[in-house]
Structures are given as structure tokens and as C-alpha cells.
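Notes follow once the structure below has been shown.
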Amino acid sequence: RNIDRNIVCIRPKRQGGARIETEQWNNKLVVHNYGHGGFGWSLLPGSVAHALSLFHEAIKQEPARAVSKKVTVIGAGCYGLLTALLLHESGWDVSIVAEQTEQLTSHKAAGSLAVIAIKASAANQALMDRMAVDSYLLYKKFPYAGVNPLSVYMIHEGTPDYRYPLIAAGVMSKPDEVVVGFGNGVTYKAKRFDTFFLDTTVIMQELANKVLAYNIPVTKKKIISFADIESPTIFNCAGLGARAWDTKEIVPVQGYLVGLKNQPAASLNYIIYAHIKIDGRLREISWTPKGGGMLGGSVVNGEDRLDANPELGDAIVRRAQIFFGGR
């Protein structure tokens, strides 16, 4: 009676970390920004700002490219929309082309700013850490609704090899050591961090409304080659669509979430991210206040079908019952 629906999305994860760089493709300048996997929202504003800085540096080196002012953004997820808006506000003639515009992974994501570092290759790790720091600072002054300061409680039974770039950079305070309970005698030792709940549904609607208000044209079309685009400059925020030209590096990751209803208001003012031992194995359980509350904790690497692994929804609920109710 408290289950609303199962929510399935496919995350575009790039091996070694996201690709944020410029490339000369024939006579076009391509600015890549994709492949963030489950850290897409956490790294959004920092990654977009970095991609834009690479673009402006490239324009300085090749000023003739700026004459037409035409730029095409591939993708209508959070990266594509935010990129298009910032380009438009800087005076560029922007258009968006995307295979899909509704019910994207960006809409479905649970939404919290991760306090742990994304694991990347040695060559890419410093950039990913910097994107995390920049994103945290930019979310503090984000001009769109849906970014809400909130505490996350990290509960780990074991010693996960996590790093905390926001703390290392001095922009986030060290966590408080606390004990959390649910009013039924079940308690856990936890670390409490001050972070942001990112209401992805709200933010995506805000971004889409602004794209409409700016009259930025959006064309629904699948892009399989940069040759399909006439603009001299392309921002590639294609996500999974990048497999058309990045076949070896992009890995689809199926994420399963369970939306709830009838939750008490007091349960909608915190985030939980936990690994606890169930049947001798560490299992992931997460909770965010999106909608009426959302449970998560199951991912399948390499799966790109939304209808695969339907049993994961029930598995998430069973783990949550054990976590909140006691073993």
C-alpha cells in the first residue's frame, strides 16, 4: 500500500570517468561533456562550466569560428539543457537536437549531491574531483528551484575505500558522528554531512521552461554522426547516444528505484546512503525525499533495457524492510 511505482533508468557511464574535452572533427569544433554515470547530477554545474571554459579558450585560438554564433547542443538531459541556456545567455545562437526529450534518466534520477568521489582513471581523477568541488559551490547559488540544502546520513558496516573531495578542498565541513534511529529500536552509527537534495523533476522542468522562454529551438532527431549537424560548433551532451561514436568506452548501467507514497512528513527531510550486512553480504540501501520518498540500491552494469531485471524492485523493498525494521 506504500509502493507507488518502480522507476527504471539507464545511466551512461564512461570507463575511466566522464569525457570533458574539445575535439576538431573535420571542420567542426566538438565540445564533449558526457559519461558521468550515477554522478551526473552531482557533477552537473561544474562539468558544464568546465566545458564552457574549454569552448571559450578554443574560440580565442580560432576567433573566425565565432562569426556565425551558431552552436548545436546534442542531448536534452540536464547537461544539454543547462549548456544551451548558458550559451544563449552568453549571446550564442543555440539550438538543441535530441532523440528524446521526456522521461529521460535526468528526470528519473533520485537526486542528491554525492559527498564521495566518483572513481575515475588516474589521468581523469583530479578533474572529476575538481568538478565535484565546483558543482558544490555552484549549487549554492543555482538560479533554478529544486536545489535544497539537506543532510545525508552515511551508514557503512565495513571500511569502504571512499574519498571525500569536498572535505579535502575545505568547502564542506567534516561530518558529525551520530546515531540514527527510526522510532522502533533500530539504530545505526552514521556520519552526517550537509549536502543538497536535488529534486531532479523540478529542476528539469525549470530548465525546460527557460529553454521555451528563450525560444531555443529543440529538434527531435537521433544523431549518429557529427556530419548530421550543420553548425560549426557542437556541444556533445548525448549521454547514451554517444555510443554511436564512443562504442568501447560508454557502458549502460541500469538503475532501479522504488517510489513510495503515504510517507510521514518527518521522513522527507533527510537523505540516507547505507551499506549494511544482510545474509553476510554488504547491501546498498538509499533513501531520498523525491516525490513521496524514494528507495534505491540496485544497479546492473552493461544492461541497456528498461524492462530487464523486474525482480530488482522487490529486492530493494526487502532490503529496505530489513534496514528500517531490523535484522
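One-based numbering along the sequence shown.
Counting heavy-atom neighbours within 6.0 Å of Asp279 CG, excluding the residue itself, gives a total of 12 or less. By the 6.0 Å contact criterion, NZ on Lys261 is enclosed, its count of non-hydrogen atoms from other residues, nucleotides or ligands being greater than 12. When the shell of 6.0 Å around CD of Glu230 is examined, it contains 12 or fewer heavy atoms from other residues, nucleotides or ligands. At most 12 heavy atoms of other shown residues, nucleotides or ligands fall within 6.0 angstrom of atom CD1 in Ile224. For Lys70, the NZ atom counts as loosely surrounded, since its 6.0 Å shell holds 12 or fewer non-hydrogen atoms of other residues, nucleotides or ligands. Heavy-atom neighbours of Lys290 NZ from other residues, nucleotides or ligands within 6.0 Å: above the threshold of 12. Few gaps surround NZ on Lys28; more than 12 heavy atoms of other groups in view lie less than 6.0 Å from it.
Relative ring orientation between Tyr270 and Trp287 is described as tilted, the plane-to-plane angle lying within the 30° to 60° band. The aromatic rings of Tyr162 and Tyr273 sit tilted, their planes meeting at an angle between 30° and 60°.
Considering Leu44, Val73, Ile74 in turn, Val73 is the only one that fulfils the side-chain contact (heavy atoms from CB on, under 4.5 Å) rule with Thr83. Checking Trp92, Phe226, Phe55, Tyr79 one by one against Phe235, the ring-ring contact (aromatic ring centres under 6.0 Å, His included) holds for a single residue, Phe55. When each of Ile234, Thr22, Leu54 is tested with Leu29 by the rule side-chain contact (heavy atoms from CB on, under 4.5 Å), just one qualifies, namely Thr22.
Looking at Asn124, its side chain does come within 3.5 Å of a backbone N or O of Ala18 through a donor-acceptor pair. Judged purely by atom type and a 3.5 angstrom limit, Thr219 has no side-chain atom pairing as donor or acceptor with the backbone of Lys221.
Between His275 and Glu157 there is no side-chain heavy-atom pair separated by less than 4.5 Å. For the pair Ser42/Tyr136, no side-chain contact is recorded, criterion being any heavy-atom separation below 4.5 Å from C-beta on. Residues Pro175 and Ile167 meet the side-chain proximity criterion, which asks for heavy atoms closer than 4.5 Å. Side-chain contact between Glu99 and Thr101: absent, with no pair of heavy atoms (C-beta onward) separated by less than 4.5 Å. A 4.5 Å side-chain heavy-atom check between Trp41 and Ser106 finds at least one atom pair inside the cut-off. Counting only heavy atoms from C-beta outward, the side chains of Leu85 and Ile216 approach each other to under 4.5 Å. Inter-residue side-chain proximity for Ser112 and Thr195 is flagged as unmet; no heavy-atom pair is nearer than 4.5 Å. Using a 4.5 Å cut-off on side-chain heavy atoms (C-beta onward), Asp304 and Arg243 make contact.
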Checklist entry - What's the verdict on side chain to side chain contact (heavy atoms under 4.5 Å, CB included) for Asn236 and Glu23, showing C-alpha distance, side-chain angles and the deciding distance? => result CA-CA 10 Å; Asn236 173 23; Glu23 175 189 12; over 6 Å; no
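Remark: Ile272 CD1 to Leu295 CG distance equals 9.5 Å, nearest 0.5 Å. Expressed to the nearest 0.5 Å, how far CG of Asn209 lies from CG of Leu81 amounts to 10.5 Å. Note that CG of Leu137 is 8.0 Å distant from CG of Leu166, once rounded to the nearest 0.5 Å. Here CE of Met128 is found 6.0 Å from OG of Ser47. Values are rounded to the nearest 0.5 Å.
Aromatic ring centres of Tyr164 and Phe193: separated by under 6.0 Å.
No salt bridge links Lys174 with Asp176; every basic N to acidic carboxylate O contact stays at or beyond 4.0 Å. Taking 4.0 Å as the cut-off between side-chain N and carboxylate O, Asp307 and Arg305 count as a salt-bridged pair. A salt bridge links Arg163 to Asp129: at least one charged side-chain nitrogen sits closer than 4.0 Å to a carboxylate oxygen.
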